[in-house]
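Read through the structure below, which is laid out as structure tokens, and then see the notes.
Note that the coordinates shown come from a computational prediction; the quantities given were computed from them, not determined experimentally. Positions are given from 1, in the same order as the sequence printed here.
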Amino acid sequence: MAVNFDSIINNTRSILRGEAVGSVRFIAAVLAALVVWFGVLTVSDWTKQSMNTLASQQGRWRTLLILGDEYKTLAPNAAANTSTNVDVAAVFAQVSERMELGSRVNRVAPDGRNQTVEINRLYADELAELQRQLASRGVRFIAAELRALPAGQERLMTVSAIIGPMN
């Protein structure tokens with residue numbers, strides 16, 4: 001049995017030109033099949049990408065839940081120990097009076113629930129004591145800028161800070 005390639009090529013040409021009987025329907029069916037095949041491949045690819053994205057998001061969600069649980073276990077009583085009605089200005093006034101900061105407190109300004117303070121000429125141990133006493137009364141440093149100036153063997157610091165309640 002010999003294959004005659006010339007006749008195959010001639011028959012294919014006549015079908016593609018629409019000369020053979022039923023060739024238009026055949027070409028339309030082939031094109032429709034190609035469109036359906038391409039559509040199925042496209043939808044399959046979209047589905048695969050969506051499934052990969054969903055799996056990634058589920059993993060991130062599980063990680064977030066684990067981190068949240070770990071965070072809760074770090075300091076379970078911290079929220080119970082702090083009062084939500086801490087008067088930041090009054091606490092700072094008490095602490096600065098107790099530490100005898102006096103004229104070194106350059107500025108105290110309200111900033112919503114928080115206070116903006118500026119204290120000049122603080123030694124490092126005074127700054128640590130200030131932070132400790134504020135924390136024991138439910139006030140924390142939210143943000144601070146320290147400028148160190150040489151003063152003999154030690155350094156004096158100027159502190160510009162925003163202090164607020166611990167909750």
Side-chain angles (χ1 to χ4, degrees), residues 28-167:
V30 168
L31 287 176
L34 286 174
V35 168
V36 168
W37 179 69
F38 180 74
V40 167
L41 287 179
T42 303
V43 170
S44 171
D45 188 44
W46 289 345
T47 304
K48 192 181 303 179
Q49 287 176 356
S50 297
M51 294 302 282
N52 288 339
T53 303
L54 180 63
S56 174
Q57 288 176 350
Q58 286 174 339
R60 290 177 185 161
W61 177 251
R62 282 190 298 272
T63 303
L64 183 63
L65 289 176
I66 291 169
L67 287 174
D69 290 340
E70 288 177 6
Y71 179 75
K72 287 178 190 176
T73 60
L74 286 178
N77 296 328
N81 292 338
T82 59
S83 172
T84 57
N85 296 326
V86 174
D87 186 3
V88 177
V91 169
F92 181 75
Q94 291 170 356
V95 170
S96 63
E97 184 178 319
R98 183 174 208 197
M99 291 182 62
E100 299 176 355
L101 296 178
S103 64
R104 295 189 287 174
V105 176
N106 190 28
R107 178 176 49 119
V108 178
D111 186 18
R113 285 180 22 170
N114 306 321
Q115 295 287 318
T116 302
V117 297
E118 185 174 314
I119 309 163
N120 298 323
R121 301 180 316 273
L122 274 179
Y123 288 104
D125 56 341
E126 288 178 316
L127 179 59
E129 180 64 18
L130 175 67
Q131 189 276 330
R132 188 187 65 73
Q133 286 194 21
L134 288 173
S136 69
R137 290 174 173 81
V139 176
R140 68 181 172 108
F141 281 92
I142 296 171
E145 177 185 337
L146 298 173
R147 291 181 296 273
L149 303 170
Q153 295 292 341
E154 296 189 38
R155 293 181 182 241
L156 290 174
M157 291 184 232
T158 298
V159 179
S160 297
I162 299 173
I163 58 174
M166 284 194 168
N167 52 6

First locate atom CG of N120, then atom CG of L101, and finally report the distance between them rounded to the nearest 0.5 Å. 10.5 Å
Distance-only, no hydrogens or angles: does the S56 side chain make a donor-acceptor pair with backbone N or O of N52 under 3.5 Å? no
Drop me the distance from L134's CG to E129's CD, to the nearest 0.5 angstrom. 10.0 Å
Could you tell me whether R155 atom CZ has more than 12 heavy atoms of other residues or ligands within 6.0 Å of it? no
Are the side chains of V117 and V105 in touch, meaning some heavy atoms are under 4.5 Å apart? no
Passes side-chain contact (heavy atoms from CB on, under 4.5 Å), V35 versus F38? Steps please. CA-CA 5 Å; V35 168; F38 180 74; 5.8 Å; no
Heavy-atom closest pair (M157 atom, Y123 atom, distance to 0.1 Å) is CE-C, 4.5 Å
Under 3.5 Å donor-acceptor, R147 side chain and T158 backbone: no
Q58 atom CD, over 12 foreign heavy atoms within 6.0 Å: yes
Hey, does V139 have a side-chain heavy atom less than 4.5 Å from the side chain of F92? no
Any W37 side-chain heavy atom under 4.5 Å of L41 side chain: yes
List the steps, then state whether side-chain contact (heavy atoms from CB on, under 4.5 Å) holds for Q131 with L127. CA-CA 6 Å; Q131 189 276 330; L127 179 59; 5.7 Å; no
Considering only heavy atoms from C-beta outward, does the side chain of L130 approach that of I119 to under 4.5 Å? yes
Taking all atoms of both residues into account, what is the closest heavy-atom pair of M99 and E126, and its distance? CE-O, 3.3 Å
Please report the interatomic distance CE(M51) to OG1(T53), rounded to the nearest 0.5 Å. 10.5 Å
Do Q115 and V108 come close enough that some side-chain heavy atom pair is under 4.5 Å? yes
Among T116, N114, I163, whose side-chain contact (heavy atoms from CB on, under 4.5 Å) with I142 holds? N114
Check R113 against P165 and note the closest heavy-atom contact, atom names and distance. NH2-CG, 3.1 Å
Atom OG1 of T63 and atom CH2 of W61: how far apart are they, to the nearest 0.5 Å? 11.5 Å
Under 3.5 Å donor-acceptor, S44 side chain and V40 backbone: no
For R121 versus S103, what's the shortest heavy-atom pair and its separation? NH2-OG, 4.0 Å
Min side-chain heavy-atom separation L64-R60 under 4.5 Å: no
